[in-house]
There are 2 protein chains.
Amino acid sequence: MPPLRLALAQVDATVGDLEGNADRVVAWSHRAAAQHAQVVAFPEMVLTGYPIEDLALRASFVEASQATLRDVASRLADDGLGDLVVVLGFLDRVVDATDELGVPKGSPQNAVAVVQGGRVHVRQAKHHLWSYGVSDEFRYFVPGDTVNVVGVHGVDIALAVCEDIWRDGPSAAAEAAEAGLLLVVNASPFERAKDDIRFELCARRAREGKAVLAYVNMVGGQDELVFDGDSLIVGPDGEQLARATQFQEELLVVDLDLPAATTSMPEAQTRFAGLRVRRTVLSTDPLPRPDPVPVPRESPERLDELGEIWAAISLGLRDYVRKNGFRSVLMGLSGGIDSSVVAALSCDAIGAEHVYGISNPSAWSSEHSIDDAAELAKRTGLTMTTVPIAPIVAAFEDAVDVDGLAAENLQARVRAVTWMALSNQHGHLVLACGNKSELATGYSTIYGDAVGGFAPIKDVPKTLVWELARWRNAQAERCGGTPPIPEHAIRKPPSAELRPGQLDSDSLPPYAVLDAVLDAYVEQDHGSAELVAAGFDPAMVGRVLTLVDRAEYKRRQYPPGPKVSVRNFGRDRRLPITNAWREQL
Amino acid sequence: MPPLRLALAQVDATVGDLEGNADRVVAWSHRAAAQHAQVVAFPEMVLTGYPIEDLALRASFVEASQATLRDVASRLADDGLGDLVVVLGFLDRVVDATDELGVPKGSPQNAVAVVQGGRVHVRQAKHHLWSYGVSDEFRYFVPGDTVNVVGVHGVDIALAVCEDIWRDGPSAAAEAAEAGLLLVVNASPFERAKDDIRFELCARRAREGKAVLAYVNMVGGQDELVFDGDSLIVGPDGEQLARATQFQEELLVVDLDLPAATTSMPEAQTRFAGLRVRRTVLSTDPLPRPDPVPVPRESPERLDELGEIWAAISLGLRDYVRKNGFRSVLMGLSGGIDSSVVAALSCDAIGAEHVYGISNPSAWSSEHSIDDAAELAKRTGLTMTTVPIAPIVAAFEDAVDVDGLAAENLQARVRAVTWMALSNQHGHLVLACGNKSELATGYSTIYGDAVGGFAPIKDVPKTLVWELARWRNAQAERCGGTPPIPEHAIRKPPSAELRPGQLDSDSLPPYAVLDAVLDAYVEQDHGSAELVAAGFDPAMVGRVLTLVDRAEYKRRQYPPGPKVSVRNFGRDRRLPITNAWREQL
């Protein structure tokens, strides 16, 4: 069993930043080499970031990606890392398109490369494209038809890209080639409980292939997506050998003992399940296990489910702010639970000194709202400013004759204009504080509380907002810190406070019920017949589903926010605005 | 050569309105029968509307589509139309998915059915899925593997669905089966000059197949898409036999003489190019040509290119208003060219009595702006209201300390709040008046002039806005009407009028140059190297491209509007917001 020291570089790449991503690959390769790793693997499309969407169709970008790969190979060799085998994802393309119209011009491919000694030895395109849920790879990429097996220091390493192991074919081809290690590069975004599914999948593929499986994942935020890292290595028995931290960059270095390379492969195995198996030998002689060995590493403690969601949103927000060149955020503080949670998340993500809250009391704001907002500011250390809106609302009401809902919305919009004015004046990113229940039912004012460049909790149902608030306060208490969210903001009945005595429960079912209906309709795509069969009141189901259907136009203009659920509004759930379908009972 | 009377029913279906669409199929089948047609064909997915997006993933909707098809078959027979062969598109699904994870649960299919005598005789799924440009069919549908040939009154009719004829395979299979007629059902959205491409394609496929080709297309607006109808029939020599009106519902009835049906098909032809060919005989005996023959029909005069764009936008706007239950529209009237053109389009689309314009003069509005807006209202007959904004802006400026761009944006947002207040109070749909050049460069105020539920000219570059204005005025003169757009609004230099003496040319290159750069970058996806090679000033190219890249976040929150170009912002051009890629020089 020849030894191999493998490093998985779980890094945060930025979409489009070829130069920065290349620098990161070189820097982390140095770190891997310093720990005497013989192979270092980076995530799927690490050079370009992921997902690049229509950048894949731009010839200049594809060529720049290819040039960056060659440049990285040279730099590594020039830096004295010529022995290190570097495996990394990039955007490639084939010269010969397979289909005249079905494939965009230039035929881009989502590919992985193996680089050593200044040269690119292997390029392999993703075979199974991901075109459901949040992903549209069929729009962009031509699938690959080859699994590469690379001989390194006497062991055989087979390659796969993300979706390749979620479906059959590539892992079986790796097994047929008797590879000792299946190395999978990934950009797999976070959603609730997906880490367990991923682990089980990797364990199953490892057992099936009788090989070690190493899974390196991207980390970081990209618009609606958050990559959670959580890279892992499992043995041929499906047991975990090592696992990286969640939601942070990390170099995971492990010593493996792997089966000796197959020196010659039977002819019959050069094709398997419609895939070519191609073999490239970079080196044949096993190296002695390097010394000093890496410091033995305990697997980090795993976050609980609420901790994962909090970490995902914080990272998504931090990366959106950072990668888009902002330094500070601003949000309206109503004293309610939603803006309180967004404020606490913001302070965790970028530091309270970069967080600005605006309190906009109106005629209908309760005293406790103003107090709760002030208390939140005091607990978290964010900067709060008060801008009363009554005189401005009065000026509008002199100019246009409105009442009822129009008058309520007017207040929400006046608040938003003050936020945008301060954002334009000082460069803050405005955060929208709406939750998923509100977004689903349209219980918000477009161009009012819905304004913002990013919406941290748009994929968090109201009941989960409360859970997160309690979790964050409890966590502060565990660590001896100040719970950031005033208890009263958690306990009081929710209200938009746009008219006297208004409560959310005047217009909506209790949130526990509402969220259960929304989970069935939005996440699971259940029709009303299934909802009624599950015991929900038919009239209530009808009302809620109609609210959801009619609010599509508002959701289209809502800012992006991090996906944490199985199905977010945006990349995941895509419905027409003009849509006469109403579920029948 | 047995005769066949064929009707193409170019109808306007509504997404999700299964009942209404079914009623339309039945009603138009009656019209076809009244003209003694033997076969009537409806567009792709006429029962569900197109595109249905994620409705395809909802089991209740798929089942309702299937039930509606059965119901239509029964109703037609019950109505005494049992002899009529009705060909129509619907949403189907297969029971056995071909792939566990790659295919959404339920395996929906974009299908065409042949109905006669109360029964569904043939169901055929689209073979070539459309997953580029504005379409994502790979996300939803399992491709079909069969071409059906249906024997009707002694002739053979082969079926295809839209994209099937844009790529090779199905039309060749129809030829191999010696079908005399290739009947193609379509939902092919309008874009500039696409009608010529479509005609050439149909002519080529007809010549290749030595068959008559009948192409029936959807008509009507659906969110960003406008289906232009323009159904057509070409002979085996590629000559046009008949062509329907553009942008209107129409029943196109033609008498054809077709080759006699192949009574038995050679075994070798039951598979062709990976496709099964399946034969169903509904009737074998030719009928005598029915009497009376339809009134000989002149092909309608075709619109010129500007007329097509005007018609596309009018139809897209009218259908958005109608299908979403609005009765009136409202827009800010600045006296500038963009809002003047949107107002004129609106009057054409839904009638001036349903169009409301708001003039919001500020301290920096020129006298001519106010006059031009009033003149526009007088010419078109729309209802104009004036709401001055100075007192409201003053109230804001008392509350928040702003200057420069923040103060400019504030004015635009105060205007928008008045529009939204009137919209909420009276139920008008607000129209955003931004053009494509503005949307590209971000030369607009988010939550200001960018507000609205629909944006009629968002895919029209500024130079084309001027052309459309001149075209519409000239057209009025040709018909002896009043040119709707004041000449001064067309001739004056464009200005946002947010500060004294401001002109668009202070911040942007001349529009003729800007639009040429945008065409290359946005429509053609050219990189900056190609732009500079084409002779554009490198510094200007750098500035413009950076503006475009940085405005992505604004475009994401912009309302939908009708696609008229080769590549619109929205369904066609999809770029990440977080995107560090900047074209290099």
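Lettering of chains follows the sequences in order, A, B, ..., and the numbering in each one begins at 1.
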Atom [atom1] of [X] and atom [atom2] of [Y]: how far apart are they, to the nearest 0.5 Å?
| X | Y | atom1 | atom2 | result |
| --- | --- | --- | --- | --- |
| B/Ser65 | A/Trp581 | OG | CH2 | 9.5 Å |
| B/Thr445 | A/Met420 | OG1 | CE | 9.0 Å |
| B/Glu53 | A/Glu552 | CD | CD | 8.0 Å |

(request) Grab the two heavy atoms, one from B/Asn579 and one from A/Gly16, that are nearest each other, plus how far apart they are. (result) OD1-CA, 4.0 Å

(request) Determine, stepwise, if the pair B/Asn424 / A/Val402 fulfils side chain to side chain contact (heavy atoms under 4.5 Å, CB included). (result) CA-CA 8 Å; B/Asn424 284 165; A/Val402 289; over 6 Å; no

Among [options], which residue has the highest count of heavy-atom pairs closer than 4.5 Å to chain A?
| options | value |
| --- | --- |
| B/Asp168, B/Val400, B/Ile446 | B/Val400 |
| B/Asp572, B/Leu410, B/Leu405, B/Thr385 | B/Asp572 |
| B/Glu583, B/Lys554, B/Glu530, B/Arg413 | B/Arg413 |
| B/Asp17, B/Val15, B/Thr578 | B/Thr578 |
| B/Pro559, B/Gly221, B/Ala64, B/Pro391 | B/Pro559 |

(message) Which residue is it: A/Tyr132, A/Phe138, A/Tyr140? I am looking for the one with a ring pair (Phe, Tyr, Trp, His ring centres under 6.0 Å) to B/Phe138.
(response) A/Phe138

(message) Taking B/Arg58 first and then A/Asp525, would you say they form a salt bridge - that is, a charged N and a carboxylate O separated by under 4.0 Å?
(response)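 A salt bridge is present here (some side-chain N lies under 4.0 Å from a carboxylate O).
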
(request) Assign the ring pair B/Tyr447 / A/Tyr447 to parallel, tilted or perpendicular, where the plane angle (0 to 90°) is split at 30° and 60°. (result)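 Judged by the thresholds at 30° and 60°, the geometry between B/Tyr447 and A/Tyr447 is tilted.
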
